[in-house]
Amino acid sequence: MRHRTIHLFRKGLRLHDNPALLAALQSSEVVYPVYILDRAFMTSSMHIGALRWHFLLQSLEDLRSSLRQLGSCLLVIQGEYKSVVRDHVQKWNITQVTLGAEMEPFYKEMEANIRGLGEELGFQVLSLMGHSLYNTQRILELNGGTPPLTYKRFLRILSLLGDPEVPVRNPTAEDFQRCSPPELGLAECYGVPLPTDLKIPPESISPWRGGESEGLQRLEQHLADQGWVASFTKPKTVPNSLLPSTTGLSPYFSTGCLSVRSFFYRLSNIYAQAKHHSLPPVSLQGQLLWREFFYTVASATPNFTKMAGNPICLQIRWYEDAERLHKWKTAQTGFPWIDAIMTQLRQEGWIHHLARHAAACFLTRGDLWISWEEGMKVFEELLLDADYSINAGNWMWLSASAFFHHYTRIFCPVRFGRRTDPEGQYIRKYLPILKNFPSKYIYEPWTASEEEQKQAGCIIGSSDTVLRILLLITVKNNYGCEMEVPHFHHTSLLSVDSPSSPFFVNAPILV
DNA sequence: CTAGACGTTGCAGGC
DNA sequence: CGCCTGCAACGTCTA
């Protein structure tokens with residue numbers, strides 16, 4: 001039987017290595033490529049900021065253009081997804097819906113609801129995995145039903161499974177010709193909306209542009225330097241280089257503009273040709289496996305994105321402080337290194353992994369003692385590569401709530417950045433007000449004399465003292481026991497002279 | 001049961 | 001500058 005199929009794009013905004021799309025083409029007499037833009041669903045399940053909307057719309061536009069080149073089109077249908085599916089299944093006599101399987105609870109619920117509609121309206125649902133390297137269920141089974149909680153153990157399980165499945169072939173114009181495209185005229189009704197249609201600011205200054213084409217181009221650029229690929233060592237990359245010192249491909253993986261399996265095998269081929277290559281956890285392939293690690297743990301942990309009711313998460317009495325949270329989010333902590341990071345995040349939607357560490361440590365265990373859940377929400381809104389599992393997992397890591405427990409190892413908001421960028425070029429780029437500040441003081445401008453501040457054209461304020469305070473914080477461990485732990489706290493006693501200054505630090509932050 | 005090993009990427013200081 | 005050690009030390013897992 002030849003199906004009349006809707007292929008539903010959710011993530012997986014690509015043509016290459018798209019198993020569900022390929023299955024649709026191979027089993028159908030007509031395929032409707034559809035993206036449902038359900039704003040109510042999206043705002044209720046995720047916090048998507050303007051930059052992420054831009055990236056999504058650009059990705060859809062690119063997908064539309066690629067499908068057109070193959071003789072098809074993309075139909076972007078706005079509305080509540082259940083009624084959109086119901087209406088169009090009936091209108092187009094649909095017998096099959098294909099989609100990529102996803103692991104987030106809200107996407108799983110969506111698939112279950114679509115399956116429910118399928119039973120009611122008489123269409124089949126085919127969901128195939130395309131977003132991760134492995135079927136995480138298999139990993140759980142091999143680990144005795146629970147997720148491995150260390151990377152080493154995770155790798156041991158993967159060695160039992162062997163390499164991931166190889167990518168499926170690219171769909172061709174012939175594939176699309178064999179089944180009819182949607183009726184003429186439909187594509188015009190269901191175009192990709194403009195940012196202004198969605199009441200999103202029209203301009204984005206992010207250097208990242210969404211879409212499979214852009215993602216593939218960036219991927220090829222990086223893979224061309226085989227020596228760099230083979231020797232890649234994550235902790236040695238520079239968090240504050242003016243251009244990304246890592247691949248910067250993460251936004252394309254999180255939206256599925258790029259396939260992790262294709263990337264995995266491209267890396268394997270390069271490693272095979274190299275004399276020596278780095279290994280997980282620090283290698284490029286190791287980075288893909290970290291992604292897989294967090295997917296696996298998230299898939300089997302209740303309340304993974306929360307502290308309460310999350311069995312792997314330390315229960316800590318974080319401070320509730322909306323004002324300091326807001327200052328952190330809007331780059332007003334007073335520490336140029338932290339504020340530059342938050343500025344890059346807000347302007348570009350991407351920051352280096354170690355910069356994320358510095359900012360996350362500052363918000364949680366390092367300085368402000370504010371819950372990782374708050375930071376997670378901010379990153380979810382602002383990061384183009386925001387990913388349900390990876391975001392929550394890393395926030396637990398950085399706040400020493402799970403996976404990592406050395407909470408006395410604090411990233412210093414002054415010295416950590418200075419190690420790799422002593423001149424403070426990164427700070428000068430993202431905080432232009434400090435552009436002419438002497439390098440000596442740029443990570444702690446309040447230590448410059450008033451005269452020196454005047455010469456640099458920027459009055460920051462003055463402080464005689466930068467304190468390193470050792471506090472005792474009460475935390476509750478997994479077994480409900482309360483205990484006191486040391487908490488290193490950096491802060492400055494800084495008075496703000498100019499209300500127009502973007503910097504100010506409340507002192508002391510913890511009392 | 002306990003002791004010891006272990007954990008992707010801290011910091012300071014020495015060479 | 002890169003690499004080393006010592007520091008002080010957590011929770012979790014395992015022998």
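Bear in mind the structure is a predicted one, so any value in this text is a computation, not a measurement. Chain identifiers are assigned alphabetically (A, B, ...) following the order of the sequence lines, protein sequences preceding nucleic acid strands; residue numbering begins at 1 within each chain.
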Any chance you could encode DNA chain B as dot-bracket? Rule is Watson-Crick or G-U wobble with both distances under 3.5 Å; [ ] for pairs crossing earlier ones, | for another strand.
.||||||..||||||
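Atom C1' of nucleotide C:dA8 and atom NE2 of A:H405 are separated by 17 Å, given to the nearest angstrom. Rounded to a whole Å, the CZ atom of A:R356 is 19 Å from the P atom of B:dT8. Nucleotide C:dT12 holds its P atom 13 Å from the CE atom of A:M396, rounded to whole Å. Rounded to an integer number of Å, the gap from A:F232 CZ to B:dT8 P is 17 Å. A straight line from CD of A:Q285 to C1' of B:dT8 spans 16 Å, rounded to a whole angstrom. Straight-line distance from the CZ atom of A:R365 to the P atom of C:dA9: 15 Å, rounded to whole Å. In this structure, A:L398 atom CG and C:dC10 atom P are separated by 20 Å, rounded to whole Å. Per the geometry, NZ belonging to A:K234 stands 13 Å off P belonging to B:dT9, to the nearest Å.
With A:D17 contributing its side chain and A:S259 its backbone, the two residues share no donor-acceptor pair below 3.5 Å. A donor-acceptor pair under 3.5 Å is formed between the side chain of A:E373 and the backbone N or O of A:M307. A donor-acceptor pair is defined here as one N or O able to donate and one able to accept, closer than 3.5 Å; such a pair exists between the side chain of A:S449 and the backbone of A:E452. Between the side chain of A:E292 and the backbone N or O of A:Y134, at least one donor-acceptor pair lies under 3.5 Å.
Of all non-hydrogen atoms in A:I316 and A:S401, the two that sit nearest each other are CD1-OG, 4.2 Å.
Of the candidates B:dG7, B:dT9, B:dC11, B:dC11 carries the atom nearest the A:C412 side chain, counting heavy atoms from C-beta on.
Residue A:K152 has a polar side-chain atom (N or O) positioned under 4.0 Å from OP1 or OP2 of B:dG7. Side-chain nitrogen and oxygen atoms of A:R153 include none within less than 4.0 Å of the OP1 or OP2 phosphate oxygen of B:dC6.
Look at the P atom in both C:dA9 and B:dT2: the space between them is 22 Å, to the nearest Å. Comparing the P positions of C:dA8 and B:dT8 gives a spacing of 24 Å, expressed to the nearest Å.
For A:F403 and A:F293, the distance between ring centers is under 6.0 angstrom. Taking the centre of each ring, A:Y252 and A:F55 come in below the 6.0 Å mark.
Residue contacts for A:R419: at a heavy-atom cut-off of 4.0 Å it reaches the sugar-phosphate backbone alone, with no base atom in range. Using a 4.0 Å heavy-atom cutoff across all strands shown, A:F403 reaches no nucleic acid atom at all.
Side-chain N/O atoms of A:H353 and base N/O atoms of B:dT9 include a donor-acceptor pair closer than 3.5 Å.
If A:H406 and A:T150 are placed on DNA chain C by their nearest nucleotide, the residue sitting closer to the 5' end is A:H406.
Aromatic ring pairs are classed by plane angle as parallel below 30°, tilted from 30° to 60° and perpendicular above 60°; the pair A:F41 and A:Y107 is tilted.
Remark: ring of A:Y151 does not overlap the six-membered base ring of B:dT8 in a stacked fashion, as centroids less than 5.5 Å apart with planes less than 30° apart are not both met.
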